[in-house]
Amino acid sequence: MNSELLFERSKQVVPGGVHSPVRSFSSVGGTPIFFTEANGAYLKSVEGKEYIDYCLSFGPLLFGHRNPEIQEVVEDTVRKAWSFGACEPYSLELAEYITERIPWVEKIRFVNSGTEAVMSALRVARAATGRNKILKFDGCYHGHLDQLLVKSGSGLAGLSSSDSKGIGPEIIQNTLVLPLDDETKLEELFQREGSKIACLAIEPLPANYGLLPQRIEFLKKCRDLSTKYGVLLLFDEVISGFRVSFQGMAGVTGIVPDLVCYGKIIGGGFPVGAYAGKKDLMDLVAPSGPVYQAGTLSANPIGMRAGLKTLTKAWTEDPYTKLENATKQLTDGIVNILSEKGDSNWEAVTFGSLFWLKSKTENPIRTINQIPESHKSNFAKLFHKLLNQGVYLAPSGYEVGFLSTAHSVDIINRTLEKTKQALKD
Ligand SMILES: *Cc1c(COP(=O)(O)O)cnc(C)c1O
C-alpha cells in the first residue's frame, strides 16, 4: 500500500479525501500519510515507515497510543459489552470520579464530541438566563456548531460574520465576536449588550489558532464582567481539561467557570465529550429539566472506561511536571538546532505539554492578527523536513503539538537527532 494511491482513491469517495479538513495536509502541501498502527509515541504508515508522533490525535492521548493499562481496560470492556442504550455503572464511575475532584463540576452529562458538548452547554445557558446572545473570541475554536463557526465581522465591534458557507446571517445574528486580550472592548460590549448575553464562551487557553496564552487579568475580566451582568461563563476545556492539570485551566488560574466543556482526554482516545457545571444549571437538562439533549451512543462503555482509566492515571500519577519538562526539552532543543543551522527565526510557545513552534516575534502573541503572515509557509517547510526524517507534527502551522508520557527522554533525544539530520540538507 502507498499513501499517494490511497489518497487518490479516498478523494473519489470522500470530500477532499478526509473526514476532518486539517488531515488533508492542505495547510502544508503534499500528500497526507496513511497510518495503520500506533504504539506509545510512534505511528506506523502504510509504507511501513515509523514516525514519532507529536500530533497525538490532536490531544486525547495523554499517555500515548495504546497505553497498555488503558488497552487492557478497553479489551476487557469489548468482551463485556459494546453499547447498552440503557443504564450502566461505567459512566456513573466516571461522573463520580470527576465531580469528586473538580468542585465546579457538580453534575456532568456525557456526549460524543467536544462540538456536541459546547452546543448543549449553550442551550443550557440560554435556558438558564432567558437570553439569546452568545459571546465568543476570534481565534477560539469551539467545534463546528453553526452558532460558533463565526469570526468578527467588519464594522461595529462585536458583530460577527460566518466562517463557513451554509451558515446564514439569521443563524449567527445572536453571536457576538471580540478579539482576545482586550479588556476595553470587552467592557464596552458588556455595557452595550451585557443584559442580553446568555453566555461568554472562551478557551481559557486558546490552542486552536496557534497557542495563545492569555493574561490572567483578561481572563479575570471575563469572569468579573460575566458575574456583574448575569452572564454565564463557559470555559471550553476540550483541549486544556486534564491536559494542563487535572482541573484544567480553571484549576491553574483559580478562575471558576459556571459551565465547562470537556472532550479529547476525557475519552482516553474514544469519542467522548461532556458538559458540566453547578447543579442548578445542569438540572435544567432533560429529563430533570426542560432543556432537551440526548444521544444514542452517549456514555458508550468503551469510552467511559478508557476515560476513567486515563483520568485515574492522570490523578494518581500526576504526570504534569514531567510532561512540562519534557516539552521544554523538546522545543528548546528544536529551536536551538534551527538556530545553529542558521535559521534563528523560530521560537516556541509552550504551556504544560502543549507547544507551538512559531516564527519569532518581538512580543508574545495573544491575538490571531499578531501571527506573522510568513508563519504558514515557514512552518510548511519545517514540517516537511521533519516528516522526511520520521517526525510527525500536526499538519498545520496553526495547530499545536502535544506530548504524552510515552515521549521518554530517549525518544525526545532521538527527535532532536532527526531534527539535526533534517536540517542538514
Ligand atoms: C477539539 C475542540 C473542540 C471540538 O471537539 P470535537 O470532538 O472535535 O467536536 C471544541 N473546543 C475545543 C477547545 C477543541 O479543542
Side-chain angles (χ1 to χ4, degrees), residues 18-24 55-62 108-123 125 134-151 163-164 175 177 180 199-214 219 222 233-245 247-250 252-253 257 259-277 293 295 297-300 302-304 306-307 310 349 351-356 368 394-396 398-402:
V18 292
H19 297 281
S20 196
V22 70
R23 298 179 193 173
S24 71
C55 177
L56 280 175
S57 192
F58 295 97
L61 305 167
L62 189 62
I108 187 165
R109 170 63 66 82
F110 295 117
V111 292
N112 301 295
S113 70
T115 299
E116 257 188 87
V118 174
M119 186 179 79
S120 309
L122 295 185
R123 194 176 296 151
I134 307 291
L135 170 60
K136 70 152 281 185
F137 296 91
D138 251 339
C140 287
Y141 177 68
H142 301 289
H144 64 91
L145 59 152
D146 287 354
Q147 278 224 323
L148 292 189
L149 220 47
V150 298
K151 53 182 184 252
D163 222 359
S164 164
T175 309
V177 184
L180 289 159
C199 181
L200 182 165
I202 187 167
E203 278 183 87
L205 177 65
N208 278 287
Y209 209 117
L211 184 60
L212 313 174
Q214 297 296 297
L219 295 175
C222 289
L233 178 64
L234 165 63
F235 271 7
D236 180 349
E237 300 237 40
V238 171
I239 278 194
S240 53
F242 315 106
R243 167 64 63 182
V244 299
S245 79
Q247 296 185 334
M249 277 303 279
V252 169
T253 59
L259 289 163
V260 58
C261 290
Y262 299 112
K264 301 193 168 103
I265 290 176
I266 201 174
F270 292 85
V272 178
Y275 62 108
Q293 185 273 309
L297 291 168
S298 288
N300 179 274
I302 301 170
M304 293 296 103
T310 301
V349 182
F351 200 106
S353 54
L354 295 134
F355 69 89
W356 182 39
I368 57 175
S396 160
Y398 302 100
E399 297 287 345
V400 296
F402 298 91

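The figures here come from the full heavy-atom set of this structure, side chains too, leaving out hydrogens, waters and symmetry mates. Just so you know, ligand 1 is whichever comes first in the structure, and atom 1 is the first atom listed for that ligand.
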(request) Begin from the C-alpha positions of V252 and F351 and carry the test side chain to side chain contact (heavy atoms under 4.5 Å, CB included) through to its verdict. (result) CA-CA 11 Å; V252 169; F351 200 106; 4.2 Å; yes
Could you tell me the residue and atom name of the protein heavy atom closest to [atom], and the distance to it rounded to 0.1 Å?
atom	value
atom 3 (C) of ligand 1	V238 CG1, 3.7 Å
atom 8 (O) of ligand 1	T115 OG1, 4.5 Å
atom 11 (N) of ligand 1	D236 OD2, 2.7 Å

(request) Would you sort out whether N300 and V272 count as a side chain to side chain contact (heavy atoms under 4.5 Å, CB included), showing the intermediate values? (result) CA-CA 8 Å; N300 179 274; V272 178; over 6 Å; no
(message) Using only atom types and a distance under 3.5 Å, with no angle test, would you say the side chain of Q147 pairs donor to acceptor with the backbone of T175?
(response) no
(message) I need the minimum non-hydrogen distance between N208 and Y141, along with the two atoms involved.
(response)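 Answer, listing the atom of N208 first, then Y141: CB-CB, 3.4 Å.
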(request) Please report the closest heavy-atom contact between C140 and I202, naming both atoms and the distance. (result)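 Where C140 meets I202 most closely, the heavy atoms are SG-CG1, 4.2 Å.
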(message) Counting C-beta onward and ignoring hydrogens, is there a side-chain heavy-atom pair between I368 and L180 closer than 4.5 Å?
(response) no
Judging by distance only, is a nitrogen or oxygen of [X] under 3.5 angstrom from one on ligand 1?
X	result
K264	yes
G114	yes
H142	no

(message) L61 vs F402, test: side chain to side chain contact (heavy atoms under 4.5 Å, CB included). Steps then yes/no.
(response) CA-CA 9 Å; L61 305 167; F402 298 91; over 6 Å; no
Residue [X] vicinity, atoms of ligand 1 by number, heavy atom under 4.0 Å:
X	result
N208	12 (C), 13 (C), 14 (C), 15 (O)
E203	13 (C)
I239	15 (O)
S113	7 (O), 9 (O)

(request) Tell me yes or no: between the side chains of Q293 and R109, is some donor less than 3.5 Å from an acceptor? (result)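 Q293 vs R109: donor-acceptor pair found between side chains.
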(message) I'd like to know if V118 contacts ligand 1, where contact means a heavy-atom distance under 4.0 Å to any ligand atom.
(response) no
